[in-house]
Amino acid sequence: MTSAAPASGFSTYRRLLGYTRQYWRVLVLAIVGMVLAALTEVAFAALMKPLLDGSFVHRDPATIHAMPLLLLAVFLARMIGEFVSDYGMAWVGRSVIHDLKRDVFEQVLHLPVRFFDRTPGGEILTRLNYQSEQVSEAASRALTTLIRDSVTVVGLLAWMLYLSWQLALFLLVLTPVLVGLVAGISRAFRRYARQIQASMGGVSHVAEEVISAHRVVKLYNGEPFERARFAEINRRNFKDFLKMQAVNSVASPLTQLILAIGIAGIIWFATSGDRMQQISVGTFVSFLTALSLMLAPMKRLIGVNAVLQRGIAAGESLFGLMDEPREPDEAAVLPALRVSGAIRLVDAGLRYAPDAPWVLSGVNLTISAGQTVALVGRSGAGKSTLMAALPRFVPLSTGAILLDDWPIDALSLTDLRRQFAYVSQDTVLFHASVAANIGYSDGAAFDRARVVAAADAAFAREFIEALPQGFETLVGENGVLLSGGQRQRLAIARALYRDAPILMLDEATSALDTESERHIQAALENLSRGRTTLVIAHRLSTIERADCIVVLDHGRVVEMGSHAQLLAAEGAYAALHRLQFKTVAALDA
Ligand SMILES: Nc1ncnc2c1ncn2[C@@H]1O[C@H](COP(=O)(O)OP(=O)(O)OP(=O)(O)O)[C@@H](O)[C@H]1O
Ligand SMILES: [Mg+2]
């Protein structure tokens with residue numbers, strides 16, 4: 001592991017560099033700007049010598065005239081250099097962030113359902129949002145430091161050597177001490193910064209949970225617990241911040257003190273013995289200027305490894321996500337295929353992980369086109385899983401599923417999924433208008449008339465038209481301004497709009513009152529004519545008219561037949577039915 005880390009760090013770096021390739025012209029321009037800006041620092045220090053010796057000591061008229069102009073020229077060059085390098089690096093950096101986000105998002109669109117099952121959504125979001133920024137920011141900061149600051153330091157050192165090699169040599173002995181001290185301070189500073197970041201994460205995590213689960217917190221009187229939990233994290237955050245501030249407040253004067261010690265040392269060295277006579281005022285001030293200009297870039301050069309490491313860590317996690325295997329989709333694309341809706345499961349078996357228990361096993365099922373088939377069984381029997389296997393949300397572990405004699409693996413995912421409309425157990429609405437939610441399968445190009453028709457069929461039109469902006473009303477991220485039953489009807493309308501040969505309804509009417517359920521049932525019966533319909537319902541009254549009822553238990557088909565047949569068979573279904581009928585009778589009494 002440890003031996004692999006540098007190699008993977010390097011490959012991460014190379015991969016990131018690949019993203020800049022396309023922008024190399026701007027990058028080169030920015031680098032030229034950096035070098036120019038660095039050289040102006042050296043020029044500024046160098047100007048000190050003629051300024052003092054020529055203008056003030058010798059009162060040389062030519063120097064006196066040239067000085068202001070030269071100074072202006074240096075600062076003008078510096079301004080140009082800084083602008084070109086800053087703007088150029090920002091340009092390249094933002095372009096890389098843009099491209100990284102595009103690629104991560106594309107990857108997210110292709111990740112298998114299983115990945116989302118085991119990865120918290122927040123984590124994916126973090127990678128998309130922050131890590132792509134961080135990686136590019138770290139890289140551009142590191143590059144700027146490596147080029148601009150090292151040119152500055154080397155240039156200033158060369159100038160100092162030229163001025164007085166004795167002074168420069170003395171400085172070379174002193175420098176490691178100064179730099180070591182400064183590095184120690186910034187290391188301590190970084191350590192606290194990291195701690196604070198961690199406890200900041202804690203603060204928002206607790207707050208986020210309380211905000212999204214506010215009803216649970218209120219009902220279960222979780223306030224004292226949450227208050228204590230938050231207080232603890234908040235207090236730690238407060239203390240860490242103060243510690244960081246202490247380090248911060250000490251760091252800057254301390255750095256200055258160290259610098260002063262260095263300068264004092266140099267003054268002492270320059271004025272002791274007969275060196276006084278050899279070194280002019282200009283040389284001395286120019287030397288000191290160069291020294292003070294060198295300190296900040298040196299500090300950054302020492303810290304550049306930390307910046308790089310941070311960027312590489314973010315890059316590894318980002319590229320880790322990009323390298324996650326996508327949903328397998330090798331099959332050929334068949335143009336405009338529409339199956340008739342016959343479904344056959346042959347010895348289908350499924351488990352979610354190689355060492356997990358079988359959720360479906362030995363399922364053999366033949367559904368003719370246009371049939372309505374109901375899946376019933378206890379909670380956890382595998383009903384939703386069976387539905388999820390059809391559009392390849394989860395892959396079968398054994399056996400096969402055929403649509404019109406096409407094995408589902410032989411179809412491309414797009415072709416396969418075009419055959420289904422699906423209402424899941426938990427309703428998902430997008431933060432968009434009601435109409436856009438219903439017409440989702442056509443994206444932005446949905447057909448208004450068909451949206452209204454679908455809403456009509458799903459018994460949703462009445463309440464939609466009563467909304468403030470009707471079909472244009474925005475529904476919240478979770479459709480918060482709608483009731484559970486209203487959301488379900490929107491989901492049904494979305495499925496009806498799709499007009500696919502196979503309709504799958506997983507507890508699609510569970511949140512509806514008996515009255516609306518009956519209405520929708522009638523509408524579904526109309527719509528399911530000519531298309532295969534798979535229904536999961538716990539309320540058995542809603543599926544009595546299905547062509548075939550399949551009873552699942554522990555992933556196996558235990559009974560199959562029409563309502564009448566199964567009642568007559570006196571098996572599991574009859575028992576379930578009796579139980580529900582009794583409950584209903586008891587409720588009515
Ligand atoms: N994404 C998943 N990863 C791992 N195991 C899962 C996953 N989804 C379901 N399971 C497991 O598979 C089994 C069957 O679940 P499934 O959702 O198919 O049941 P169900 O018949 O639809 O139940 P319900 O009537 O409660 O909706 C359960 O034991 C469940 O723990
Ligand atoms: Mg289910």
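In what follows, every heavy atom counts, from backbone to side chain, and hydrogens, waters and symmetry copies are set aside. All ligand and atom numbering here is 1-based and tracks the order in the structure.
- Sorted by chain and number, the protein atoms of type N, O or S within less than 2.8 Å of the Mg ion (ligand 2) are S384 OG, Q425 OE1.
- Every protein residue with a heavy atom nearer than 4.0 Å to ligand 1 is included here: D117, Y352, V359, R378, S379, G380, A381, G382, K383, S384, T385, Q425, H538.
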task = Any chance you could lay out the side chain to side chain contact (heavy atoms under 4.5 Å, CB included) test for V373 and V535, step after step, and finish with the verdict?
result = CA-CA 6 Å; V373 173; V535 193; over 6 Å; no
When the side chains of residues 450-457 are checked against the rest of the protein, which donor-acceptor pairs come out under 3.5 Å, sequence neighbours left out?
residue	atom	partner	partner atom	Å
R450	NH2	Y497	O	2.4
D456	OD2	R461	NH1	3.3

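- Both the sub-6.0 Å distance and the 45° axial angle are not jointly satisfied by R498 relative to the ring of F420.
- Put simply, OG on S361 and CZ on R351 are 10.5 Å apart, with the number rounded to the nearest 0.5 Å.
- Of the inter-residue distances, the one linking F463 atom CZ with S483 atom OG reads 7.0 Å to the nearest 0.5 angstrom.
- Using modelled atom types, one finds a donor on one side chain and an acceptor on the other under 3.5 Å when comparing S317 with Q131.
- How far CD1 of I464 is from CD of E472: 11.0 Å, rounded to the nearest 0.5 Å.
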I'd like a table of donor-acceptor pairs (distance under 3.5 Å, sequence neighbours excluded) in which one partner is a side-chain atom from residues 558-568, with atom names and distances.
residue	atom	partner	partner atom	Å
E559	OE1	A572	N	3.3
E559	OE1	Y573	N	2.9
E559	OE2	A572	N	3.4
S562	OG	Q565	N	3.3
H563	ND1	Y573	OH	2.8
Q565	OE1	S562	N	2.8

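- If you take CD1 on I502 and CZ on R417, they are separated by 13.5 Å, rounding to the nearest 0.5 Å.
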